Peer 1: 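Quick one: the structure is below, and I'll ask about it shortly.
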Amino acid sequence: MNGIWGQFVGNLAFVSLAISIWAHLSIWLRRRFVGHEKILFGLMAGVASIGSILLAVEFGPGIHMDLRFAPLALAGMFGGPLAAAIAATLTAIFRTALGGVAATDGVIAIIAVTGMGLSVNLFMRKRSPTLLHVIMLGAAVGSLLVVLMAVLPTLSKVHAVAAMGLPMAAMNCAATIVCGFIVLTTQYLELERRMLETAFSQSPDYLYVKDRDSRFVTVNENMIRLYRFKTTAEMVGLSDFDLHPRRLAEELYHREQEVMRTGVPLLDSLEHIEDRDLLASKVPLRDKEGRVIGLAGVTRDITERTALERELRESKNLLSHAMAGMSDGFAMFDRQGYLIFCNEQYRNAFPLSGSARVIGAHISDIVRRAAETRERLNVPYDSVDEWINVATSTLHRNKDEEVQLHNGDWRSIKTRLATDGTAMVVVSDITAMKQAEIALRLSAEQLKNLAETDGLTGIVNRRAFDEAFMREAARCARSDAPLSLLMIDLDRFKAYNDTYGHPAGECLRLVSKCLLNSAKRPADIVARYGGEEFVVLLPETNEREATIVAQQFASLLDEEKIAHSQSEFGRVTASIGIASAIGHVLQAEPSRLLSEADAALYEAKMRGRNRILVRAFADAADVKMAG
C-alpha cells in the first residue's frame with residue numbers, strides 16, 4: 001500500500017507541476033492569444049490529465065488508477081463548458097486509445113467528473129470562485145470517484161473500492177484542492193495585474209517609467225496623446241531629447257539624473273510642455289539590492305487650474321483695488337461668522353473696535369470688543385452678554401441698521417446674504433445725513449409749533465384748537481366723560497385798543513397768562529380764538545368745575561387791575577360763556593358744545609358784561625362777577 005501511496009504522490013507532483021507551469025505561462029499565452037483563454041485552459045487541463053494517465057498506477061490488466069480527474073474538474077469549474085469539453089475530449093480520446101478492460105469505465109468517469117466541475121461553475125452563477133468553492137469541488141470529486149468505483153461494472157468486479165478507494169479518492173481530492181489553489185492564486189494575481197495596468201493606462205494623469213538613461217520603458221494612454229503618438233510602443237525607448245527642444249530636454253534630463261543619483265524624490269516640479277502647465281513628481285526605482293534602476297513619474301496637467309488661479313488673482317486684485325477706492329466700508333463673513341475679507345474703510349468706520357476687525361476674527365469677538373470699548377450708544381450694557389449673543393446670531397440675516405457711535409457719529413450698516421450663505425456688510429458714514437435729518441425734524445417741529453401757536457400771546461391758535469376739540473370730543477364720547485368749554489371775550493376791547501393802541505398787545509398777553517394759571521392741568525387747552533376772544537377746553541370737567549376755573553380766571557384778571565377808561569368798570573373785564581356736554585351729545589353733534597358756549601357768552605354780554613353765564617342745553621344760569 002505504501003508503494004501505491006508513493007506512486008500517487010508522484011502523480012500529484014506531476015499534476016501540480018503542470019498546473020504551476022500553466023500559471024507561469026498563462027499571462028504570456030493570454031497576451032499572445034487574446035480571446036482564447038478558455039481554449040488554452042482546456043488544452044492545458046487535457047494535457048495534464050493525459051500526463052497523469054501516463055503515470056497511472058496499474059491496478060489490474062487494463063485497469064489504471066491516476067489523478068486525471070483533478071484537471072478535468074478544474075477545467076469545468078474555472079473554464080466553463082468550452083474548456084471542460086476540450087479537456088474531457090482530449091482525455092477521453094487518449095484513454096480510449098490506451099484500451100483495456102476498463103476503458104469504457106474510464107471514459108464514463110472522465111465525463112462524470114468533468115460534469116461535476118461544470119456543476120460547481122453553474123452553482124457559482126458568474127461569481128468569482130473562492131477557496132471554499134475549490135474545497136467543495138475537491139470533496140465532491142473524491143466522493144464521486146468512490147461511487148463510480150462501486151457502481152461501474154469493471155471496477156466493481158475487481159473490488160476497486162476496497163483496494164484503491166481511499167488513496168484514489170483522497171489523492172484526487174488533494175490534487176483538486178492543490179491545483180485549484182494554484183489556479184485561484186494565479187487568477188487573483190492576474191486580476192491585480194490587470195487592475196494595475198488599467199489604472200496605469202487610464203489614469204487622468206501622465207504616468208511613465210524610465211530606465212537609468214532616462215529612456216521610456218512604459219507610458220500610459222495620456223502620455224501618447226500628449227506627444228501625439230498612436231501606440232505606447234512607439235514611445236518605448238525614446239527620451240526627452242526625441243520629444244523636446246534641446247534646452248528643455250537637457251533641463252529635464254539633468255533633473256531626472258539628479259533624482260536617480262541622490263535617490264531623493266522630486267515632488268511637484270512645475271514644467272511647461274506643449275503650451276501646457278504640468279506639475280511633475282518623480283521617484284527613483286530600486287531593485288532588490290537597493291540599486292537605482294530607473295524612475296517613475298507622475299505628471300498632472302494644471303493648465304486650467306493655473307489659468308483659473310491667474311484669473312482669481314486678477315479678480316482679487318481688481319476687487320481689492322475697487323474696495324480700497326470706495327468710500328464705504330465693506331466686509332464679508334463666512335457661514336460660520338468668520339471675517340474673510342474687509343477693506344480699510346471698514347476698520348476705520350469703527351475707531352475703537354477697528355483693531356479687532358481683522359481677517360479670521362469671529363463676529364462674536366468683534367462685537368465683544370465694541371461692547372468693551374462702549375463704542376456704540378443705546379446698547380444695554382447692563383445685559384451686554386445677551387446683546388452680544390443677539391448681535392452674533394442675527395449676522396446672517398438681510399437687515400438695515402443705523403447706529404450711533406460714542407462720539408456722536410452715525411453709521412448705516414446694511415447686511416445682505418449671498419446664495420452660499422456668506423454675509424456681505426456695507427458700512428456708510430451717515431453722520432452728515434443724520435445731522436441734516438435732525439435739523440430738519442427740529443425745523444419741522446418749530447414750524448408746527450408756529451403753525452399751532454398764536455404769535456402774539458404764545459398760546460394755541462384757533463387751528464390747533466379746532467383739531468384738539470374734535471380729538472377730545474371723540475375721546476370723551478368713547479369714555480362717557482364730561483367735556484366743558486369756556487368762551488371768553490374782553491369787554492369793550494375795541495375801545496381799549498382805540499384808546500391805548502400798542503399796549504393792547506400786552507393786555508392780551510396778560511389775559512393769556514391769567515387763563516393759563518387758571519387751567520393748569522396738562523389736558524386743559526387755552527387758545528386764542530380770534531381778536532380779543534379766547535377759549536378754554538376742559539376735558540373730563542363738569543359745569544361746576546368749569547365754573548370754578550372761570551371764577552379763578554376772573555379773579556386773577558381783576559388782580560391785574562388793567563386800566564380801561566372807556567369801560568363802565570374802569571378796568572379790563574371779561575364776559576364768559578360756559579357749556580358742558582357728555583356721552584351721546586358729544587358723539588352725535590360735538591359742534592353743539594361750541595354753539596352753546598357761544599350763546600352763553602352772547603347772553604352774558606347782553607346781561608351787562610363782566611359776568612359768567614353757564615348754559616345747560618336747556619337753560620342758562622347767570623353768575624355775576626364781583627366788581
Side-chain angles (χ1 to χ4, degrees), residues 453-454 456-462 464-466 468-469 472 482-497 500 503-564 567-581 593-594 596-616 620-627:
T453 304
D454 178 63
L456 178 63
T457 61
I459 61 176
V460 174
N461 62 18
R462 179 166 180 171
F465 168 78
D466 289 341
F469 175 78
E472 291 298 328
L483 179 64
S484 295
L485 180 67
L486 277 62
M487 193 164 285
I488 303 104
D489 187 72
L490 299 181
D491 299 327
R492 313 282 185 192
F493 191 73
K494 185 177 184 303
Y496 180 90
N497 193 37
Y500 298 98
E506 182 62 28
C507 175
L508 293 175
R509 282 190 287 272
L510 287 173
V511 171
S512 299
K513 183 181 74 172
C514 293
L515 287 171
L516 290 172
N517 289 334
S518 302
K520 299 178 181 180
R521 297 181 310 167
D524 297 341
I525 297 175
V526 178
R528 185 182 179 190
Y529 205 58
E532 70 276 14
E533 193 171 4
F534 296 84
V535 290
V536 178
L537 186 65
L538 302 171
E540 299 182 4
T541 303
N542 56 29
E543 293 176 0
R544 182 181 62 81
E545 294 166 337
T547 301
I548 294 173
V549 173
Q551 290 174 342
Q552 289 177 345
F553 163 69
S555 177
L556 291 173
L557 181 61
D558 187 61
E559 291 176 3
E560 293 292 335
K561 298 186 183 303
I562 305 172
H564 187 355
S567 170
E568 61 267 37
F569 304 107
R571 66 186 186 281
V572 174
T573 59
S575 299
I576 304 172
I578 301 175
S580 295
L593 184 63
L594 287 169
E596 292 293 338
D598 186 59
L601 173 63
Y602 180 77
E603 191 171 347
K605 295 175 75 68
M606 290 299 100
R607 292 188 184 185
R609 295 183 174 82
N610 192 23
R611 67 185 62 238
I612 301 170
L613 195 142
V614 180
R615 189 175 184 87
D622 188 2
V623 179
K624 185 176 181 181
M625 300 181 190

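Keep in mind that what you see is a predicted model, and the values were worked out from it rather than measured.
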Peer 1: Which heavy atom of A546 sits nearest a heavy atom of S484, and at what distance?
Peer 2: CB-CB, 3.7 Å
Peer 1: Drop me the distance from D491's CG to E568's CD, to the nearest 0.5 angstrom.
Peer 2: 7.0 Å
Peer 1: Which heavy atom of A579 sits nearest a heavy atom of A597, and at what distance?
Peer 2: CB-N, 3.5 Å
Peer 1: Closer than 3.5 angstrom, by distance alone: can the side chain of N517 be matched with the main-chain N or O of K513 as a donor-acceptor pair?
Peer 2: yes
Peer 1: Quick check: does any side chain N or O of S555 sit under 3.5 Å from a backbone N or O of Q551, one acting as donor and the other as acceptor?
Peer 2: no
Peer 1: When rounded to the nearest 0.5 angstrom, what distance separates CD in E540 from CD in E545?
Peer 2: 10.0 Å
Peer 1: Mind running side chain to side chain contact (heavy atoms under 4.5 Å, CB included) on V535 and L594 for me, showing each step along the way?
Peer 2: CA-CA 10 Å; V535 290; L594 287 169; 5.8 Å; no
Peer 1: Please give me the minimum heavy-atom distance between Y529 and R462, naming the atom from each residue.
Peer 2: OH-NH2, 3.2 Å
Peer 1: What do the steps show when you test L508 against F493 for side chain to side chain contact (heavy atoms under 4.5 Å, CB included), and what is the final call?
Peer 2: CA-CA 10 Å; L508 293 175; F493 191 73; 3.8 Å; yes
Peer 1: What residue among I576, I525, I578, L486 forms side-chain contact (heavy atoms from CB on, under 4.5 Å) with V536?
Peer 2: L486
Peer 1: Could you tell me the separation between the CG atom of L456 and the CZ atom of R509, rounded to the nearest 0.5 Å?
Peer 2: 5.0 Å
Peer 1: Verify the distance criterion only: is there a donor paired with an acceptor across the side chains of R521 and T541 at less than 3.5 Å?
Peer 2: yes
Peer 1: Rounded to the nearest 0.5 Å, how far apart are NE2 of H564 and CZ of R492?
Peer 2: 8.0 Å
Peer 1: E532 vs N497, test: side chain to side chain contact (heavy atoms under 4.5 Å, CB included). Steps then yes/no.
Peer 2: CA-CA 10 Å; E532 70 276 14; N497 193 37; over 6 Å; no
Peer 1: Output the distance between atom CZ (F465) and atom CD1 (I459), rounded to the nearest 0.5 Å.
Peer 2: 11.0 Å
Peer 1: Kindly say whether N610 contributes a backbone atom to a donor-acceptor pair with the side chain of S575 at under 3.5 angstrom?
Peer 2: yes
Peer 1: Side chains of S580 and N542: do they bring a donor and an acceptor to under 3.5 Å?
Peer 2: no
Peer 1: So, for C514 and E560, which heavy atoms are closest and what is the spacing to 0.1 Å?
Peer 2: SG-CG, 3.9 Å
Peer 1: So, for F534 and S512, which heavy atoms are closest and what is the spacing to 0.1 Å?
Peer 2: CE2-OG, 3.4 Å
Peer 1: What is the minimum heavy-atom distance between N461 and A527, and which atoms define it?
Peer 2: O-CB, 4.1 Å
Peer 1: Could you tell me whether Y500 atom OH has more than 12 heavy atoms of other residues or ligands within 6.0 Å of it?
Peer 2: yes
Peer 1: What verdict does the side chain to side chain contact (heavy atoms under 4.5 Å, CB included) test give for F553 and V511, after you've listed the backbone C-alpha separation in whole Å, the side-chain angles of each residue and the deciding distance to 0.1 Å?
Peer 2: CA-CA 9 Å; F553 163 69; V511 171; 3.9 Å; yes
Peer 1: To the nearest 0.5 Å, how far apart are CG in L593 and CG in L537?
Peer 2: 8.0 Å
